Amino acid sequence: MFALIDCNNFFVSCEKIFNPGLEGKPVVVLSNNDGCVISRSNEAKAIGIPMGIAIHKCKDLIALHNVRLFSANFQLYGDVSNRIMSILKDFCSEMEIYSIDEAFLNLKNMKINDLQKYGQEIHDRIYRWTGVPVSVGISPTKTLCKAANEYLKVTKASPGLRPPSPKGEGILIDKCMTLNTPEKADAALSALDVGDIWGIGRKYSEFLNRYGMYRAIDLKNADDRWVRTTMSVVGQRTVFELRGTPCIELDAYPEAKKMIISSRSFGRYVTTKEELKESVACYTARAATKLRSQGSVCGIISVAIMTNRHRANLKQYYGTTHCSIPTPTGYTPDLVKHAFKCLDEIYKPGYKYKKALVTLSSIVPEDSGKINMFEQDYAFEKNNKIMKAFDDINKAWGKEKIRIGAMGETQPWRAKREMVSPRYTTVWEEILVINN
DNA sequence: TCTGGGGTCCTAGGACCC
DNA sequence: TCTGGGGTCCTAGGACCC
């Protein structure tokens, strides 16, 4: 048996912890640049604000219902997430952190008499200790756990009936769903759209619909050979998992990232190379920090710059190139130099740039000894020490407290975050004040 | 005015190896 | 009459996830 714990409306729930006045109100958290909706309270779902919509498209709804808006506050969400994960670790040491708001537990070696009660306990403790409500799905496969969670979201109505709201708009009403028998699993799969299943996205959903499969149960009963040839081994695995045969193991120790991306849209258009350089330096530094934190170095860096693809009336341009680094490195100044070389190749004046993107790849462990034989790199040790100090300072004193000059001073191109809440749990100055 | 950011896996085809 | 067999690596494209 596996359990999947999924935080409900996670970012919004984090905002509510220190702001109980939000309870019962429509609340929305926005993406970078306060652009689109990435988390909604139940009340916001109920008045019909869709996931992912550009916020300016629902101005009227927001005004009409006095929807509370928040810029994304990932320092807060990340910290709350860590707290929840550590609570879960107490329940079961074999755990996979699947995303910022989800984790799988492997219940294989545990003696649990009443699974439903166990799930309920997980919910209760996390809610009591952090204020975040979670839902719990328990079943023999990870895909069925996902289905159990999905089922909790879509069924306020009696089992087997579709709720009135469209797919993914469901509102959670219960805490734990256990699909530990084929009968229970079938009942849930009969109530779910095929597209609700983990691993079935938009394309496969449309494809399956064309062959008359609309419900998850239809996919579960599909012909093996047909699935294998049309949906590859990935689809095949999904089908087996729906039947209760585990094919996807718990991944408790995820491997180092093979690719690290850092990109942001700008708060306003950028036209000069100088400002592009600042942003590219910033994104490179951010990616390099991540790279070092997993003990890796990278051999390829690529840079892309682009205009606003949503503006048909503007001249469009997407420029990208990459360069390989003879001696794989995690040293920020060197990476920035290479990034600038890329930028020199792709920059064209006369465009209004909206976004830049830096990717590190060919990632290998720092100690893999892949040293360039033509270059005696005496600086290697020294640079490592510098970066170590660099990272330690930023860890102790806050992000980008120490940074390289190329990142610029005022950074006027930075994204807007006009409605950000305090970082209640990670910055002393922003701790909640009860009474002044 | 205004539309996010960061990842993974699989397949097919070409180049190349012995 | 006749043209091997088996393999790796790389890239692009397509699908998916949160």
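Quick note on labels: first sequence line is chain A, next is B, and so on, each numbered from 1. In what follows, every heavy atom counts, from backbone to side chain, and hydrogens, waters and symmetry copies are set aside. Not measured: the values here are computed from a predicted model.
Between the side chain of A/Asp196 and the backbone N or O of A/Leu192 there is no donor-acceptor pair closer than 3.5 Å. No side-chain donor-acceptor contact under 3.5 Å links A/Glu241 to the backbone of A/Pro246. No donor-acceptor distance shorter than 3.5 angstrom exists from the side chain of A/Asn33 to the backbone of A/Ala415, with no hydrogens or angles considered. Remark: the backbone N or O of A/Asn149 is not paired with any side-chain donor or acceptor of A/Ser135 at under 3.5 angstrom.
Ring centroids of A/Phe390 and A/Trp397 are separated by 6.0 Å or more, keeping the two rings apart.
For the pair A/Val234 and A/Lys290, both in contact range of DNA chain B, the more 5′-proximal nearest nucleotide belongs to A/Lys290. Positionally, the nearest nucleotide of DNA chain B for A/Ser31 lies more toward the 5' end than for the other of A/Ala256 and A/Ser31.
Within residues 260-270 of chain A, the residues that have a heavy atom under 4.0 Å from DNA chain B are, in order of number, A/Ile260, A/Ile261, A/Ser262, A/Ser263, A/Arg264, A/Ser265. Using a 4.0 Å cut-off on heavy atoms, none of the residues of residues 65-95 of chain A approach DNA chain B. Taken residue by residue, residues 303-314 of chain A places heavy atoms nearer than 4.0 Å to DNA chain B at A/Asn308, A/His310, A/Arg311. Across residues 330-357 of chain A, A/Lys354, A/Lys355 each have a non-hydrogen atom less than 4.0 Å from an atom of DNA chain B (numbered order).
Taking the C1' atom of each, B/dC17 and C/dG4 are spaced 14 Å apart, rounded to whole Å.
Put simply, CE on A/Met259 is 15 Å from C1' on C/dC17, counting in whole angstrom units. Atom C1' of nucleotide C/dC18 and atom NZ of A/Lys142 are separated by 14 Å, given to the nearest angstrom. Look at CG on A/Asp196: it is 15 Å from C1' on C/dC16, rounded to the nearest Å. Atom CD in A/Glu241 sits roughly 15 Å away from atom C1' in C/dC16 (whole-Å rounding). Following rounding to the nearest Å, A/Ile363 (CD1) and B/dG6 (P) show an atom-to-atom distance of 13 Å. One atom, CD of A/Glu102, and another, C1' of C/dC16, lie 14 Å apart when rounded to the nearest Å. Spacing between atom CD of A/Gln294 and atom C1' of B/dG6 amounts to 13 Å, rounded to whole angstrom units. A straight line from CZ of A/Phe11 to P of C/dC18 spans 13 Å, rounded to a whole angstrom.
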| request: Kindly indicate, with the supporting measurements, whether the criterion side-chain contact (heavy atoms from CB on, under 4.5 Å) is fulfilled by A/Cys342 and A/Cys323. | output: CA-CA 7 Å; A/Cys342 292; A/Cys323 73; 3.9 Å; yes
| A/Arg423/A/Asn73 under side-chain contact (heavy atoms from CB on, under 4.5 Å): CA gap, chis, key distance, verdict | CA-CA 7 Å; A/Arg423 293 163 290 181; A/Asn73 183 350; 3.5 Å; yes
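Side-chain N/O atoms of A/Lys416 include none lying less than 4.0 angstrom from OP1 or OP2 on B/dT3. Put simply, A/Asn32 has a side-chain N or O that comes within less than 4.0 Å of OP1 or OP2 on B/dG5.
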| message | Across nucleotides 7-15 of chain C, 5' to 3', mark each nucleotide with B, S or - according to how protein heavy atoms within less than 4.0 Å reach it. | response | --------S
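Here A/Ser302 pairs with nothing under the side-chain hydrogen bond (donor to acceptor under 3.5 Å, both in side chains) rule; sequence neighbours left out. Shown here are the ring-ring contact (aromatic ring centres under 6.0 Å, His included) partners of A/Phe11, two or more places apart in sequence or in another chain: A/Phe74, A/Tyr77. Remark: A/Arg83 engages A/Asp79 in a side-chain hydrogen bond (donor to acceptor under 3.5 Å, both in side chains) (not counting sequence neighbours).
With hydrogens and angles left out, the side-chain atoms of A/Arg292 and A/Thr332 include a donor and acceptor closer than 3.5 Å. A/Lys184 and A/Asn180 form a side-chain donor-acceptor contact under 3.5 Å, judged by distance and modelled atom types alone. For A/Asn9 and A/Lys45, the side-chain atoms include at least one donor-acceptor pair closer than 3.5 Å.
Among pairs with a residue in residues 246-258 of chain A, none fulfils side-chain hydrogen bond (donor to acceptor under 3.5 Å, both in side chains), at least two apart in sequence or across chains. The ring-ring contact (aromatic ring centres under 6.0 Å, His included) contacts involving residues 291-321 of chain A comprise A/Tyr317-A/Tyr351, where partners must be two or more places apart or lie in separate chains.
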| field | Strand DNA chain B as a dot-bracket string - pairs counted if Watson-Crick or G-U with both distances under 3.5 Å, | where the partner lies in another strand | value | ....||||||||||||||
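Crowding of A/His65 atom NE2: a count of heavy atoms from other residues, nucleotides or ligands under 6.0 Å exceeding 12.
Within the nucleic acid shown, A/Ile248 has no heavy atom closer than 4.0 Å to any nucleic acid atom.
The closest side-chain heavy-atom distance from A/Leu276 to A/Tyr347 is below 4.5 Å.
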Report all side-chain donor-acceptor pairs from residues 123-134 of chain A shorter than 3.5 Å, counting only partners two or more places apart or in another chain.
residue	atom	partner	partner atom	Å
A/Thr130	OG1	A/Ile126	O	2.7
A/Thr130	OG1	A/Val132	N	3.1

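Below 30°, between 30° and 60°, or above 60°: for A/Tyr118 and A/Phe91 the angle between ring planes is above 60°, a perpendicular geometry.
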